[in-house]
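A short worksheet on the structure shown next.
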Amino acid sequence: MKKLLTIIVTILSLTQFLNGSITRTLYKYDFSAVVAEDFNKSSDLSKGFVFEFSLKEKPIKHTVLIDMPNSFKLSVENALSTYYSAPDNNLAMVAQIHLEQLDKQFVQAGNKREKMRIELPVNAIKGNIKDARIALVYDGVKFYFTLNGKEFDKNYPFGSLKRPTNVNFTNYKQMLSNFKFSTETSKITRQKISEKSDAEIQYYTPAGFNCFAGDVALFYHNKTFYLLYLADRNHHAMRWGGGAHEFNLLTSKDLINWQDHGSVIEVDEPWKSVGTGTMFFHKGKYYISFGFHTSRMIDYNHTVSSKYTEIFKEQSRPIARKEFAPLYPSGTNIAVSNDGINFKWTEKFYNISENPSIFQTSKGLKMFSGYGGCGTWAIADIEGNWKKESSNFPVAGMKTLMRNTTECPCYFEHNNWRYFIMGTNGFWGAKGDDKWIDMASKGFDIYDGLCVPMVTNYKDNRLIIGGWFWHGWGSAIVLRELFAYPDGVLGMKWVKELQPPEKVVVQTCKQNDGFAEMLIAPEQSYSARMTITPNTIGKFKLRFQQTNAPKHDVDFTIDFGNATAQIHDSSKNILPMSRIVKNTTKRVGWALNNCPNDVHFFSRDFCIENLRNIDKPFELRFILRRSKKLNSNIIDIEIAHSRTMITNRIGAKFDRIKIEYPNGDVKNITLFEYKNEEKF
């Protein structure tokens, strides 16, 4: 009978890992200039309002504070958030508004787009609850809570606030103190403040309640690394799923210490929603290309794209906003900056593409257009004429073997090879000026569980790739490093500047008869390393288990005979993406409702193929990251310093890790503490 060596892990006190920091630029709001008004039944809130107050005591029951039926409601209810919840008090200050469409040119709202809710969980208030100053604001563009002057939760209304039929607001006097009401939202001021966070760029989420990172765009210039990300709340639920995203900007000189500059293109008009783009440098200025996804809230016939589709088939030129008024901006737009930090929207329309990716290539400035305007465009000058070079590339849909979508085109060059990423599963390569090779269909893609990844060239001939993993839309930022084999195939490894610190050893153990086991603390994060000597007829298995909830158990398996690795929640055998596509008639790409489940961009169960460097002893490393904010365990794996895989297990709290490899040898199994998620 095989013996099982069980190691009881002793949790050591955590030390401060000095692996960098992130300094955030935030806004602090000031309401001192707002003149108080009498709040009564005749108060008109439809054009904007400010409520500022403190709580007299911690709420312990559901209470309606202000009720203006079919218009506005402020109450104490169950919080929807996960990471401020507690068994004894799951209550929140909840504000809800009812809206109606502005006029006929706006998309019909319907019942699902009439109500909007924001909340401030009571448990988010630290210290003496009576000292906390809460403000609730609706200004026609933004609906938000602040806590002691800092923005806490927000959403972006669309339409106008309905007038109430009657008013009941007697309860607010019983629970609120220092109450102040005004309709003068223009008197609210704000100033930028800086806060240094102990967060790291790996698995980073922006500051804020239910706030996450979506699509990224990477750029390196003049010794500075730029990372743009779409700031998102509630996993694409802002403005009823219509987006309302803003680009936030992170910069770093060393990939370790970062500055989050906050929004560079703010939503300051009700129709605005920024879509993915790129950053580039051209003739002494920094540019961000981006798409306005205006048709999510505006009838398409009232957007500028609807009138210029035919005109922009072969050529395009910048058109100033005043030229196409009263049509709404849409499609390709550009922001410009002298310093790479402070950007200004040009208020011009450049193309109908809503995912425009502009890059400096060896052949000059080019745009690869996606979502609304496929094709390759040559650009001599941003403010000059743009000429279409090809209507056949990039390709998407049923025209491609991988059936990728048109999302987020990404072009980069390395070692005399050109590469191109498209959507969530399209990947091409070409040596020199040769024709494009569909590398993804041959199983040589670079997808490892990250969604819509983007790549930039970095110093010392390096390549950095970034993305986010699935948790619904939007989660946390993850960076990787790419490297090239002589045949042009790309490998992927952890970024050397972001390696796990490995300062505190939790435990070491030895494999016994092909088995080992480690007990771990469910709320702690870990990293680990081990050396594997392969056996070509066997399989190596790493199993993460939750004793009280086996439904969360997940296996990582390397099949040496087939050179594949898979992550799965049962003993099922998952096909690689290239074979899944060949075996289904479904559209894959981003058609999530019709897509097979076991594919990499869901960041759950998937398989990668064509593993290299596993035919001799190699190192396997993993990070088990516990995230309270996401209510999940993130498993991040590096295989032989040449391939990576990441999976997000929502709701999981693992308490043991098993190693099973009866046909091979595993040595030097070491478990380390990994820094827990920052406090929020």
Side-chain angles (χ1 to χ4, degrees), residues 215-222 224-230 247 249 264-265 274-293 304-305 308 312-319 329-338 340 343-391 393-394 396 406-414 418-423 426 428 452-457 463-466:
D215 296 353
V216 305
L218 310 181
F219 178 61
Y220 180 72
H221 180 75
N222 195 24
T224 302
F225 192 97
Y226 299 86
L227 191 158
L228 290 161
Y229 67 89
L230 292 182
F247 255 142
L249 175 63
V264 293
I265 305 172
V274 174
T276 312
T278 53
M279 187 172 175
F280 58 98
F281 188 80
H282 178 65
K283 295 186 176 180
K285 293 183 182 294
Y286 295 85
Y287 291 88
I288 296 174
S289 65
F290 62 94
F292 274 136
H293 293 175
V304 63
S305 296
Y308 286 85
F312 279 11
K313 274 190 173 181
E314 302 300 328
Q315 293 193 52
S316 67
R317 64 173 180 84
I319 302 173
S330 59
T332 302
N333 283 255
I334 286 174
V336 62
S337 170
N338 291 320
F343 285 84
K344 185 178 180 180
W345 174 34
T346 63
E347 300 205 29
K348 294 180 180 178
F349 175 78
Y350 294 81
N351 198 278
I352 62 173
S353 171
E354 293 189 16
N355 278 155
S357 294
I358 298 178
F359 298 93
Q360 282 282 7
T361 76
S362 56
K363 303 295 184 181
L365 201 64
K366 295 187 186 298
M367 180 179 79
F368 301 93
S369 56
Y371 188 20
C374 289
T376 302
W377 297 75
I379 309 166
D381 188 276
I382 293 297
E383 299 301 329
N385 290 328
W386 298 17
K387 184 178 180 181
K388 181 177 279 190
E389 284 190 334
S390 172
S391 297
F393 192 85
T406 61
E407 256 80 14
C408 312
C410 178
Y411 175 91
F412 59 100
E413 299 175 359
H414 184 71
R418 297 174 292 136
Y419 298 95
F420 194 83
I421 307 173
M422 190 72 159
W428 293 265
V452 286
M454 287 276 193
V455 177
T456 187
N457 296 89
L463 294 171
I464 303 296
I465 183 171

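Quick caveat: nothing in here was measured; it's all calculated off a predicted structure.
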Parallel, tilted or perpendicular for Tyr286 and His221, by the 30°/60° rule?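 Ring orientation, 0 to 90° scale: perpendicular.
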Quick check for you: to the nearest 0.5 Å, what is the distance between [X] atom [atom1] and [Y] atom [atom2]?
X	Y	atom1	atom2	result
Asp215	Leu228	CG	CG	11.5 Å
Ile352	Thr332	CD1	OG1	8.5 Å
Met279	Ile288	CE	CD1	5.5 Å
Ile421	Glu407	CD1	CD	14.0 Å
Arg317	Phe349	CZ	CZ	11.0 Å
Glu354	Asn333	CD	CG	10.0 Å

Check side chain to side chain contact (heavy atoms under 4.5 Å, CB included) between Thr346 and all other residues, then give those that pass, not counting sequence neighbours.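 By the side chain to side chain contact (heavy atoms under 4.5 Å, CB included) rule, Thr346 matches Ile334, Val336, Lys348, Tyr350.
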Closest heavy-atom contact between [X] and [Y]?
X	Y	value
Gly277	Ala217	O-CB, 3.4 Å
Pro318	Gly384	CD-O, 3.2 Å
Pro356	Ser353	N-OG, 3.5 Å
Ser357	Cys408	OG-C, 4.2 Å
Pro394	Gly375	CD-O, 3.6 Å
Val264	Leu249	CG1-CB, 3.6 Å

Below 4.5 Å, heavy atoms only, C-beta onward: do [X] and [Y] meet side chain to side chain?
X	Y	value
Ile379	Met367	yes
Met454	Thr456	no
Val455	Ile464	no
Thr376	Lys388	no
Tyr226	Leu218	no
Trp428	Phe393	yes
Gln360	Phe281	no
Trp386	Ile358	yes

Derivation and outcome, side-chain contact (heavy atoms from CB on, under 4.5 Å), residues Ile382 and Lys283: CA-CA 10 Å; Ile382 293 297; Lys283 295 186 176 180; over 6 Å; no
Got a sec, which residues hit ring-ring contact (aromatic ring centres under 6.0 Å, His included) with [X], two or more places apart in sequence or on another chain?
X	result
Phe280	Tyr287
Tyr220	Tyr458
Trp377	none
Phe359	none

Could you go through Asn355 and His293, starting from their C-alpha distance and side-chain angles, then the distance that decides it, and tell me whether this counts as side-chain contact (heavy atoms from CB on, under 4.5 Å)? CA-CA 9 Å; Asn355 278 155; His293 293 175; 3.7 Å; yes
Using only heavy-atom distances, determine whether the side chains of Ser289 and Thr278 contain a donor-acceptor pair under 3.5 Å.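 Side-chain D/A pair, Ser289 to Thr278: present.
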Contacts of type side chain to side chain donor-acceptor pair (under 3.5 Å), residue Ser330, not counting sequence neighbours: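 Applying side chain to side chain donor-acceptor pair (under 3.5 Å) to Ser330 gives Ser305.
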Can you list the steps and then say if Phe247 with Phe290 is a ring-ring contact (aromatic ring centres under 6.0 Å, His included)? CA-CA 9 Å; Phe247 255 142; Phe290 62 94; 7.1 Å; no
